[in-house]
Amino acid sequence: MACFLASAFFLVLQTYAAPPELVQAGFGITLNPMDFAPGLSANVSGDVSSSPPPGTSKRAPHSIIIGVRKGGTRALLEMLDIHPEVAAAATEVHFFDWDENYAKGFEWYRELMPYSYPHQITVEKTPGYFTSALAPERICAMNSSIKLLLILRDPAERVISDYTQVYFNRLENHKPVQAIENLLVRNGALNIRYKAIQRSLYDIHMRNWLRHFPLEQIHIVDGDALIRDPLPELQKVERFLNLPPRIVSTNFYFNQTKGFYCIRSDGRERCLHESKGRPHPAVNSTVLQQLRSYLQEHNRTFFRLVKRTFDWQ
């Protein structure tokens, strides 16, 4: 019922956000956003001086990588983009989790998708969707049968990675920083209100998604396994998305300097941005144990929800 009501609102949103010519043609009340006419702008970068490749159009995503932040979403998208039948959005759109973007309407969202051929699927990734209270209902309103990808890693390690990203961002912007222990602990107890910890309570966020989507529509990628050996995880994604097997072991090589796998495709080699894979700070062992102990029950609840387990400490 919640998804049905959200769908009705989404249709109204489309009608008022769509250009008049689309509304007159009936696109403003269509039930399938993927059937919308090709976009009006010239290409994904917004350069109106060039034309899109013949036979392509901008379409709503067939699959969305919904998170989690610092779980490996960028690596997953870059590796999945190797597949010739995948068209990946260039940026994190934040359409379903940011009210100011959602108010711009579906046409604004679709214009940010890449041009794709009819045989391709469009994939968007915004890590903030997983922890958003509103994103599941809004995505369901757009397409209740969409396939969702969720990449997760050890939640305690994810907390530290989250801190590391913020730490370096603040340093680059000449802002003061704190030791991780000062954020994890308040008045001698674990600071469970710390946002990085809240994002690692996978069970709480997963319950929200399962109110709107069956588990069969959410494929969970093991982010720790993806780092160790990308191919098996990507083959599972190919099967989930009903893609023909095209990603092979030669698409990856281990970069000894960076310490993780890089991509080899179309005669080119590329690695993730230098901001990815940064070394984590050493964390006080007592504080780290407090964190892991707190997360254990949430992890067990999550395992029951998704009917599988992960090798998390």
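The first residue of the sequence shown is numbered 1, and numbering continues consecutively from there.
In this structure a side-chain-to-backbone donor-acceptor pair under 3.5 Å is present from W209 to F130. Judged by distance alone, with hydrogens and angles left aside, the side-chain atoms of D81 form no donor-acceptor pair with the main-chain N or O of L77 at under 3.5 Å. A donor-acceptor pair under 3.5 Å is formed between the side chain of D154 and the backbone N or O of A156. The closest donor-acceptor contact from the side chain of Y129 to the backbone of F95 lies under 3.5 Å. At distances below 3.5 Å, at least one donor-acceptor pair connects side-chain atoms of N191 with backbone N or O atoms of L183. With hydrogens and angles disregarded, no donor-acceptor distance shorter than 3.5 Å links the side chain of S144 to the backbone of C140. With N255 contributing its side chain and C271 its backbone, the two residues share no donor-acceptor pair below 3.5 Å. No side-chain donor-acceptor contact under 3.5 Å links E92 to the backbone of P127. Checked by atom type and distance alone, the side chain of Q120 pairs as donor or acceptor with a backbone atom of P84 at under 3.5 Å.
For the residue pair S200 / R158, a side-chain donor-acceptor distance below 3.5 Å is found, with atom types taken as modelled. A donor-acceptor contact closer than 3.5 angstrom links the side chains of H298 and D203. Checking H205 against N208 by side-chain atom types alone, no donor-acceptor pair falls below 3.5 Å. Of the N and O atoms on the side chains of E124 and T126, at least one donor lies less than 3.5 Å from an acceptor on the other residue. Between Q178 and Y167, the side chains place no donor N or O within less than 3.5 Å of an acceptor N or O (distance only, hydrogens not considered). No hydrogens or angles considered: a donor-acceptor pair under 3.5 Å links the side chains of N143 and S145. A donor and an acceptor atom, one from each side chain of R264 and T250, are nowhere located under 3.5 Å apart.
In this structure, OG in S249 is found 12.0 Å from CG in L234, a value given to the nearest 0.5 Å. A distance of 9.0 Å separates SG in C262 from CZ in F254, rounded to the nearest 0.5 Å. Taking CD of E233 as the start and CG of L226 as the end, the distance is 6.5 Å to the nearest 0.5 Å. In this structure, CG in L134 is found 6.0 Å from CG in D99, a value given to the nearest 0.5 Å. Taking CD1 of I192 as the start and CD of Q198 as the end, the distance is 7.0 Å to the nearest 0.5 Å. Rounding to the nearest 0.5 angstrom, the gap separating the CZ atom in R246 from the CD atom in Q235 is 13.0 Å.
Within the 4.5 Å cutoff, side-chain heavy atoms of S161 are placed close to those of H280. Looking at heavy atoms from C-beta onward, H62 lies out of side-chain contact with I146 at the 4.5 angstrom threshold. In this structure, the side chains of T91 and L112 stay at 4.5 Å or more apart for every pair of heavy atoms. Looking at heavy atoms from C-beta onward, I218 lies in side-chain contact with M206 at the 4.5 angstrom threshold. Within the 4.5 Å cutoff, no side-chain heavy atoms of L148 are placed close to those of I65. I121 places none of its side-chain heavy atoms less than 4.5 Å from the side chain of E85. Looking only at side-chain heavy atoms (C-beta outward), V159 and L184 come within less than 4.5 Å of each other. Residues Y194 and Y163 form a side-chain contact, since some pair of their non-hydrogen atoms from C-beta on lies under 4.5 Å apart.
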Review point. Going through the checks in order, is the side chain to side chain donor-acceptor pair (under 3.5 Å) test met by Q289 and S293?
Key: CA-CA 6 Å; Q289 186 55 46; S293 297; 3.1 Å; yes

Practice item. Please assess I64 against L149 for the test side-chain contact (heavy atoms from CB on, under 4.5 Å), listing each intermediate value before the final yes or no. Key: CA-CA 6 Å; I64 298 178; L149 294 170; over 6 Å; no

Practice item. List the steps and the verdict of side-chain contact (heavy atoms from CB on, under 4.5 Å) for R300 and Q296. Key: CA-CA 6 Å; R300 286 192 287 266; Q296 277 183 352; 4.0 Å; yes

Practice item. Evaluate the side-chain contact (heavy atoms from CB on, under 4.5 Å) criterion for residues M113 and R59: first the C-alpha distance (whole Å), next the side-chain angles of each, then the deciding distance (0.1 Å), finally the verdict. Key: CA-CA 7 Å; M113 296 301 109; R59 297 179 292 166; over 6 Å; no

**Study point:** Stepwise side-chain contact (heavy atoms from CB on, under 4.5 Å) test for E78 and R270
**Key:** CA-CA 10 Å; E78 293 281 349; R270 66 184 190 277; 3.5 Å; yes

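K147 forms a cation-pi arrangement with F240, by the criterion of a distance under 6.0 Å to the ring centre and an angle within 45° of the ring axis.
Under the 4.5 Å side-chain contact rule for hydrophobic residues, V283 and I197 share a cluster.
Among R69, K195, R153, the single residue meeting the salt bridge (Lys or Arg N to Asp or Glu O under 4.0 Å) criterion with D162 is R69.
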Show the atom names and distances, to 0.1 Å, of all donor-acceptor pairs under 3.5 Å that link a side chain in residues 301-313 to residues at least two apart or in another chain.
| residue | atom | partner | partner atom | Å |
| --- | --- | --- | --- | --- |
| T301 | OG1 | E297 | O | 3.0 |
| T301 | OG1 | R304 | NH2 | 3.2 |
| R308 | NH1 | I220 | O | 3.0 |

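The neighbour count for D266 CG, taken as heavy atoms of other residues, nucleotides or ligands under 6.0 Å away, does not exceed 12.
Between F96 and Y102, the ring planes are tilted. Angles from 30° to 60° get that label.
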